[in-house]
Amino acid sequence: MRIATFNINGLNARLPALLQWLEEKQPDVACLQELKTPHEKFPEEAINAAGYQAIWHGQKSWNGVAILVRGTEPVVEAGRGLAGDPEDAQSRYIEAAVNGVLIACLYLPNGNPAPGPKFDYKLQWMERLILRGAELLASGSPVVLAGDFNVIPTELDVYKPERWVNDALFRAETREAFGRLMAQGWTDSLRSMHPDEKIFTFWDYFRDAYGRDAGLRIDHLLLSPSLAGELKAAGVDRDVRGREKPSDHAPTWIELDR
DNA sequence: ATGTCGAATCGAATTCGA
């Protein structure tokens with residue numbers, strides 16, 4: 001079973017790129033973030049024609065998440081939205097059960113500029129995710145937390161750490177909260193398969209960041225303890241970032257033995 | 001500070017968020 005996460009940065013603008021990648025890689029599950037489209041403008045027919053069923057949580061202009069599943073099996077929906085703040089109108093979280101695995105697709109807030117209200121929102125959102133993570137682990141179900149976490153976990157995950165120490169993606173508060181999530185027992189699948197490699201999943205559009213390989217590793221697939229032993233491979237489809245009209249993220253994937 | 005995208009707007013350029 002192959003599960004991928006891909007911040008698409010505008011689903012309708014990027015639909016040809018998405019369809020090409022799905023056709024090439026045929027992941028069993030694809031978690032998408034930054035759809036930037038309202039619910040009713042989701043390109044469901046094109047995605048169905050590509051062989052995928054989808055559930056999504058859209059929003060006008062910003063955010064938006066979706067889970068695509070290959071084949072004819074309907075997606076069993078577990079929920080939209082992250083509990084803990086009834087005032088939160090941003091579409092950043094969706095869960096689905098696929099082949100016995102609970103898949104959570106998330107788009108964690110960027111949080112810049114920091115400090116400030118956007119950073120506060122990010123940290124509060126992380127606390128809510130930590131609570132949901134504990135619930136999911138307590139359920140005993142196999143779980144994958146997949147998405148754009150907007151968190152650079154360590155210095156190995158950024159091309160030039162000293163430039164990012166005050167950025168919301170790398171600040172001490174952010175890494176501390178991410179560390180508390182990980183301490184629940186999650187496995188960082190990319191890092192566990194490649195302990196010492198510099199691996200990036202995002203390259204800014206500015207200043208030819210991709211050409212200079214000035215990237216970040218901020219897209220993650222975290223595995224519950226019950227799934228960690230099933231991890232067979234993990235990687236990044238880097239070349240997708242180098243194509244025409246690319247997203248600023250590359251698809252990131254794992255292969256599970258199931 | 002810079003730079004570049006996508007989406008939306010009392011639009012044909014500007015803003016917002018990233």
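Labels below follow one simple rule: chain letters A, B, ... track the order of the sequence lines, proteins then strands, and each chain is numbered from 1. As the structure is a prediction and not an experimental result, all values here were calculated from the model.
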- Query: Would you call Asp167(A)-Arg171(A) a salt bridge at under 4.0 Å N-O?
  - Reply: no
- Between Asp204(A) and Arg212(A), is there a salt bridge with N-O shorter than 4.0 Å? no
- Specify the separation, in whole Å, of atom NZ of Lys245(A) and atom C1' of dT4(B). 13 Å
- Task: For dA12(B), decide between syn and anti, treating a glycosidic angle within 90° of 0 as syn.
- Result: syn
- Note on the structure: For DNA chain B, the expected dot-bracket line (Watson-Crick or G-U under 3.5 Å, [ ] crossing, | inter-strand) is ...((((((...))))))
- Query: Nearest-Å distance, CG (Asn12(A)) to P (dA7(B))?
  - Reply: 7 Å
- Using the test side chain to side chain contact (heavy atoms under 4.5 Å, CB included), find all partners of Ala168(A) that sit at least two apart in sequence or belong to another chain. Asn112(A), Ala114(A), Phe119(A), Lys122(A)
- Using atom CG of Asn7(A) as one end and atom P of dG6(B) as the other, report the distance to the nearest whole Å. 13 Å
- Task: For the residue pair Tyr121(A) and Asp85(A), confirm or rule out a side-chain donor-acceptor distance under 3.5 Å.
- Result: no
- Any donor-acceptor N or O pair under 3.5 Å, side chains Glu34(A), Asn7(A): yes
- Task: Nearest whole angstrom, please: distance from the P of dA7(B) to the CZ of Arg14(A).
- Result: 8 Å
- Going by side-chain heavy atoms closer than 4.5 Å, which hydrophobic residues are tied to Phe42(A), directly or by a chain of links? Phe6(A), Ile8(A), Leu11(A), Leu15(A), Leu18(A), Leu19(A), Trp21(A), Leu22(A), Leu32(A), Leu35(A), Ile47(A), Tyr52(A), Trp56(A), Leu68(A), Val240(A)
- Task: Applying side chain to side chain contact (heavy atoms under 4.5 Å, CB included), name anything that partners Pro38(A), two or more places apart in sequence or on another chain.
- Result: Glu40(A), Lys41(A)
- Message: How many whole angstroms separate atom CG of Leu11(A) from atom C1' of dG6(B)?
- Response: 12 Å
- Query: Reading nucleotides 10-18 of chain B 5' to 3', which nucleotides get B (base under 4.0 Å from a protein heavy atom), which S (sugar-phosphate only), which -?
  - Reply: ------BBB
- Task: Find out whether the Lys NZ or Arg CZ of Arg217(A) is both under 6.0 angstrom from the six-membered ring centre of Phe200(A) and within 45° of the ring's axis.
- Result: no
- When the P atoms of dA7(B) and dG3(B) are considered, how many whole Å apart are they? 23 Å
Would you list the atom pairs, donor with acceptor, under 3.5 Å between side chains in residues 135-146 of chain A and any protein atom, with sequence neighbours excluded?
from, atom 1, to, atom 2, distance (Å)
Glu135(A), OE1, Arg132(A), NH1, 2.6
Ser139(A), OG, Leu136(A), O, 2.5
Ser139(A), OG, Ser141(A), N, 3.2

- Whichever of Arg207(A) and Ser61(A) has the more 5' nearest nucleotide on DNA chain B, that residue is Arg207(A)
- Rounded to whole Å, CZ of Phe202(A) lies from C1' of dT4(B) at a distance of 11 Å
- Message: Work out how far the P atom of dA1(B) is from that of dG6(B), and round it to whole angstrom.
- Response: 25 Å
- Message: What is the separation between atom CH2 on Trp203(A) and atom C1' on dG3(B), rounded to the nearest whole Å?
- Response: 19 Å
- For nucleotides dC10(B) and dG17(B), find the distance between their P atoms and express it as a whole number of Å. 16 Å
